[in-house]
Structures are given as C-alpha cells and as structure tokens.
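Just below is one structure, and these are the notes that go with it.
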2 protein chains.
Amino acid sequence: MSLRHALLALLSAQPMTGYDVYRYFDSSLSYVWHAPHTQIYPELRRLEDSGLVRSEEISRGERGRKRRYHISAAGLDEFRRWVNEPLPLQRERDAHKLKAAYFEWAEPAAARRQLQAHIAHYELWAQQWEDLVDALTAREVPLLQRRLEHAPAEQHEAIIRYKVFAYEGMIRRAKAEIDWARIGLDLVAELEGQ
Amino acid sequence: MSLRHALLALLSAQPMTGYDVYRYFDSSLSYVWHAPHTQIYPELRRLEDSGLVRSEEISRGERGRKRRYHISAAGLDEFRRWVNEPLPLQRERDAHKLKAAYFEWAEPAAARRQLQAHIAHYELWAQQWEDLVDALTAREVPLLQRRLEHAPAEQHEAIIRYKVFAYEGMIRRAKAEIDWARIGLDLVAELEGQ
DNA sequence: GTGTTCATGTAAACTGTTACATGATTCC
DNA sequence: GGAATCATGTAACAGTTTACATGAACAC
C-alpha cells in the first residue's frame with residue numbers, strides 16, 4: 001500500500017496530473033519510489049473514490065484535456081497517519097545475492113560481467129542520489145520549493161533534512177552494494193587462478 | 001522468476017519435499033529468499049510440468065503421504081543458464097526511506113520508535129547471517145555438506161566462498177541500514193530540541 | 001508533415017500475501 | 001487424549017509488469 005502514500009506525498013507539495021507524477025517518478029532526479037503510468041492513473045482514480053484527493057479536468061490547447069489532482073483534508077490525515085504508523089519490516093528477498101551464492105555454477109567471465117553491471121548500476125544511482133542531496137540542500141528542487149512555500153519557516157530545516165536523510169540511506173545502501181560487488185570481483189579472480 | 005530458481009538451487013543439493021523447502025526458507029538459519037508454503041507447492045508442481053524436476057510419492061507412517069522432488073538434468077541446465085545470465089537491475093522501491101523523507105509529519109516519538117524497530121530488525125538479521133557465515137565456513141551446514149559430498153574436492157572452496165560472499169552482502173546491507181537509522185535517531189533528537 | 005512529448009487508458013499475465021481448509025504423525 | 005509438527009492444498013486478493021491502444025499538442 002505504499003504507492004498510494006507515495007502519491008499522497010507528492011500531492012502534499014502541489015496539485016499534479018497523473019503524467020506529472022509519472023515524470024517525477026521517472027526523472028533522473030528520481031525518488032525512492034516509482035511506478036509505471038499504468039499503475040498511477042488507476043490509483044489516482046481510486047484515491048479520488050476514497051475521498052483522499054479531488055480532481056478537476058482542465059484543458060490544454062483546443063481539444064486537449066488533462067486531470068489535475070489535489071490532496072484533500074482526509075488525504076492529509078491519511079498521510080499523517082501513515083507516517084506515524086510503523087511499517088511492517090519484511091524479510092529480504094534478493095535475487096542478486098541468491099545468484100551470487102551459486103557463482104560456482106557460472107563461467108568466471110559471466111560472473112564478472114554481472115558484478116561489473118551491479119557496480120555500474122549502483123554507481124549511477126549513488127551519483128543521482130548525491131546530486132539530489134546537493135540540490136535539496138541548496139533548496140534548488142522545485143517541488144521542495146513549493147513545499148516550503150506553504151510551510152512555516154521554522155519547519156523548513158526539518159523538511160529538508162529528513163529528505164536528505166532518506167536519500168543518504170539510499171546512498172549508503174548503494175555504496176554497500178558497490179563494496180560488496182568489488183569484493184566479488186576479487187573473489188572471482190582468486191578462484192579462477194586456482 | 002526467482003522463486004523457481006531458488007527452488008532449483010535447493011534441490012541441486014538434495015531431493016526435498018515442499019515442506020522441507022518451506023522449512024529451509026523459514027529456518028532461523030534462513031536464506032536470501034523465502035516464500036510461504038502456498039507459493040511453494042504449486043511452483044514445485046509447475047517445475048515438474050516443465051520437466052525441471054521429477055517427483056516420487058513416498059509414504060510416512062501408515063496412511064501419511066509426501067512428495068519428494070528431485071532436480072532433473074533439464075533443471076540443472078536451466079539453473080546453470082540462469083546463474084550465467086545477467087539479472088535485470090531493478091530500480092529501488094523502499095517504503096522505509098519514503099516514509100523517513102516525510103518524518104516532519106510524524107510525532108518525534110513515533111519516528112524514534114520506527115527507527116528503533118528498523119535497527120532491531122537489521123541487528124537480528126545481521127546476527128543470523130553472521131552465524132550462517134560462521135557455520136558455512138566451519139562446514140557445519142547440513143545442506144552444504146550434502147552439496148560438497150557430490151562435488152569434486154577442488155570445487156569445495158568455491159562452493160563455500162560464494163555462499164559466504166552472498167551472505168556477507170546481506171550483512172553489509174544490514175549494517176548500512178543500522179548506521180542510517182542511528183543517524184536518524186540523532187536527527188530526530190536534534191530537530192526535536194529546536 | 002513528422003517526430004517527440006504530453007496525456008490517458010484497458011487488459012492480461014505474473015508474483016506474492018492472506019484466509020480458509022484438511023488430515024496424519026509424533027511426542028508427552 | 002491433546003498439542004505440536006508434518007504435510008499439502010484452494011481461493012481470494014493485492015500489487016506489479018508488460019502489451020496493446022489512442023490521440024492531442026508542439027517544435028522543427
């Protein structure tokens with residue numbers, strides 16, 4: 001049930017269309033959550049059916065139409081409730097670790113390629129999250145600016161620092177994955193040499 | 001499609017019933033994958049339909065019946081193929097980080113409780129994975145022993161070290177989560193004091 | 001006029017969770 | 001005899017991915 005709360009989180013900053021949400025999820029400035037448009041549009045409709053958002057149809061150009069969603073008071077209550085409530089901690093399910101546990105079945109070259117792809121993937125994301133942390137700290141993120149505009153000044157620091165904190169968690173995880181995969185490359189080389 | 005490969009991985013060590021698989025997934029000695037029995041039994045049937053495993057019905061006691069699955073040559077080929085093939089790297093979707101990004105909406109006590117639960121959760125798992133690494137290194141894990149029995153001696157080191165490597169990845173991630181949550185506790189205290 | 005972006009959907013397939021259900025065996 | 005464990009299933013539901021689809025607006 002996190003998609004609906006990710007949507008409420010975005011809509012708590014400013015009204016948006018489904019396409020806007022999709023762009024935010026998809027942007028290189030990214031996020032800790034994402035979803036394809038095929039999941040976003042129906043979920044926004046369901047949020048409206050539940051009264052957590054309301055929408056207005058607006059026109060673009062001659063015949064173009066789009067639907068903009070606003071969070072409602074009930075939506076704000078629900079979001080606050082969710083933030084306060086503990087999330088169940090799930091057991092890990094990690095296909096990459098599962099596979100690495102059986103690398104003795106792989107060609108060394110195949111294992112190496114997979115570990116290199118792992119490193120490249122997390123280096124890219126670590127960089128993007130670091131850029132986002134910098135942009136948040138400098139208050140250069142448009143959505144953050146909208147959010148600060150309708151929050152009292154004494155809350156601004158908390159708003160920024162919790163977002164930075166969240167992305168620093170992502171960066172730490174990315175670095176742990178990179179360190180792990182580098183050790184894996186050394187291990188493949190060592191075992192190949194035998 | 002990792003569940004079927006997790007099942008093939010287990011069955012490559014020794015024949016098992018669905019219940020055995022469920023116990024392995026569920027044991028405190030744990031795993032990097034898990035599934036409820038309601039997912040395991042149908043998947044084993046599907047693996048049999050695909051020819052990747054074969055099964056025999058065996059009796060237990062007077063009227064009791066159970067079905068034991070053996071991996072087939074086609075199953076070994078499929079597993080080897082999967083280990084060699086790169087896994088698509090997925091974008092992260094982290095509900096805990098999502099929520100932490102909005103902790104300014106939470107009561108400090110609620111945020112603190114959630115971070116403490118996060119730490120307790122990963123400390124527990126880090127301990128279990130560390131115990132498993134020790135047990136693997138000492139060759140005290142029964143399933144590993146079965147695996148080593150029908151592998152040539154020169155492969156034993158690789159078999160053990162790749163498994164240790166996989167669990168060390170889980171331990172690194174757990175430690176990154178613990179460090180992150182501790183920083184969060186400091187941040188909550190700092191912002192609360194303002 | 002053509003390609004890119006904006007904008008929104010349905011439907012099927014797949015994966016995972018939760019609820020409901022049954023019965024045998026084993027240990028005390 | 002009763003509780004815990006062994007053993008296996010169905011069904012409904014929730015969440016996610018992928019395929020298929022459509023059309024307007026805008027920039028070149």
Side-chain angles (χ1 to χ4, degrees), chain A residues 1-8 10 15-28 31-50 53 55-69 82 87-95 98, chain B residues 1-8 10 15-28 31-50 53 55-69 82 87-95 98:
Chain A
M1 272 314 236
S2 284
L3 173 58
R4 63 191 304 128
H5 296 104
L7 296 175
L8 291 174
L10 283 178
M16 284 188 194
T17 66
Y19 191 76
D20 293 336
V21 171
Y22 165 66
R23 295 270 89 188
Y24 271 100
F25 278 168
D26 202 53
S27 71
S28 61
Y31 212 57
V32 289
W33 204 263
H34 67 99
H37 77 274
T38 54
Q39 208 184 354
I40 294 165
Y41 291 114
E43 190 62 41
L44 283 169
R45 293 285 182 166
R46 277 192 289 270
L47 281 167
E48 189 169 24
D49 293 343
S50 315
V53 305
S55 74
E56 48 175 342
E57 199 180 61
I58 53 184
S59 53
R60 50 184 286 271
E62 289 289 297
R63 270 179 300 274
R65 292 240 157 269
K66 58 180 175 179
R67 184 162 292 276
R68 185 157 54 196
Y69 291 89
W82 178 76
L87 264 185
L89 282 144
Q90 305 277 322
R91 292 187 51 186
E92 306 286 331
R93 206 178 253 135
D94 187 328
L98 171 62
Chain B
M1 276 308 242
S2 283
L3 173 60
R4 62 191 305 128
H5 296 105
L7 296 175
L8 291 174
L10 284 177
M16 284 187 192
T17 67
Y19 190 78
D20 291 336
V21 171
Y22 165 68
R23 294 270 92 190
Y24 272 101
F25 278 167
D26 202 54
S27 70
S28 60
Y31 212 55
V32 288
W33 205 265
H34 66 101
H37 77 274
T38 53
Q39 209 184 356
I40 294 164
Y41 291 113
E43 189 63 41
L44 284 169
R45 291 287 182 168
R46 278 192 289 271
L47 280 168
E48 188 167 24
D49 293 343
S50 315
V53 304
S55 74
E56 51 175 338
E57 199 180 62
I58 52 185
S59 53
R60 49 182 287 269
E62 289 290 298
R63 267 177 303 274
R65 292 242 155 268
K66 59 180 174 177
R67 183 162 291 276
R68 184 158 54 194
Y69 292 87
W82 177 77
L87 263 186
L89 281 144
Q90 306 276 322
R91 291 188 51 186
E92 306 286 329
R93 204 179 256 134
D94 188 328
L98 172 62

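Chain identifiers are assigned alphabetically (A, B, ...) following the order of the sequence lines, protein sequences preceding nucleic acid strands; residue numbering begins at 1 within each chain. These numbers come from a predicted model, not from an experiment.
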TODO: Mind running a 4.0 Å heavy-atom check of residues 34-50 of chain A against DNA chain D and sending the residues that fall below it, in number order?
DONE: A:Pro36, A:Thr38, A:Gln39

Nucleotide [N], atom [atom2] - distance to [atom1] of [X] in whole Å:
X       : N      : atom1 : atom2 : result
A:Leu7  : D:dT16 : CG    : P     : 11 Å
A:Phe25 : D:dT17 : CZ    : P     : 12 Å
A:Arg60 : D:dA27 : CZ    : C1'   : 13 Å
A:Arg91 : C:dT17 : CZ    : P     : 10 Å
B:Arg63 : D:dA7  : CZ    : P     : 16 Å
A:Tyr19 : D:dG23 : OH    : P     : 18 Å
B:Asp26 : D:dA4  : CG    : C1'   : 15 Å
A:Ile58 : C:dA7  : CD1   : C1'   : 11 Å

TODO: Kindly determine whether A:Val21 and A:Tyr41 satisfy side-chain contact (heavy atoms from CB on, under 4.5 Å), including the steps that lead there.
DONE: CA-CA 9 Å; A:Val21 171; A:Tyr41 291 114; over 6 Å; no

- [ ] Respond yes when some side-chain nitrogen or oxygen of B:Arg23 is under 4.0 Å from OP1 or OP2 of D:dC6, and no when none is.
- [x] yes

Task: Distance below 4.0 Å between A:Arg65 side-chain N/O and C:dA7 OP1 or OP2 - done: no

Task: Pairwise side-chain contact, A:Arg93 with B:His34, heavy-atom cut-off 4.5 Å (strictly under) - done: yes

Open item on the list: Of the options D:dT8, C:dT25, C:dT17, whose atoms approach the side-chain atoms of A:Gln90 most closely?
Closed with: C:dT17

Open item on the list: Hydrogens and angles aside, do A:Arg68 and A:Thr17 bring a side-chain donor and acceptor to less than 3.5 Å of each other?
Closed with: no

- [ ] Mind checking B:Arg93 for me? I need base, sugar-phosphate or nothing, with any heavy atom below 4.0 Å counting as a touch.
- [x] sugar-phosphate

- [ ] Could you walk me through whether B:Ser50 and B:Arg4 pass side-chain hydrogen bond (donor to acceptor under 3.5 Å, both in side chains), step by step?
- [x] CA-CA 11 Å; B:Ser50 315; B:Arg4 62 191 305 128; 3.3 Å; yes

TODO: Measure up the A:Tyr22 and A:Tyr19 rings against each other and bin them: parallel (under 30°), tilted (30 to 60°), perpendicular (over 60°).
DONE: tilted

Task: Charged N-O contact under 4.0 Å between A:Arg23 and A:Asp26 - done: yes

Open item on the list: For a side-chain contact (heavy atoms from CB on, under 4.5 Å) check, start with the C-alpha distance between A:Phe25 and A:Leu3, then their side-chain angles and the critical distance, and finish with the verdict.
Closed with: CA-CA 11 Å; A:Phe25 278 168; A:Leu3 173 58; 4.1 Å; yes

Open item on the list: Quick check on DNA chain D: between A:Gly64 and B:Gly18, whose nearest nucleotide comes earlier from the 5' end?
Closed with: B:Gly18

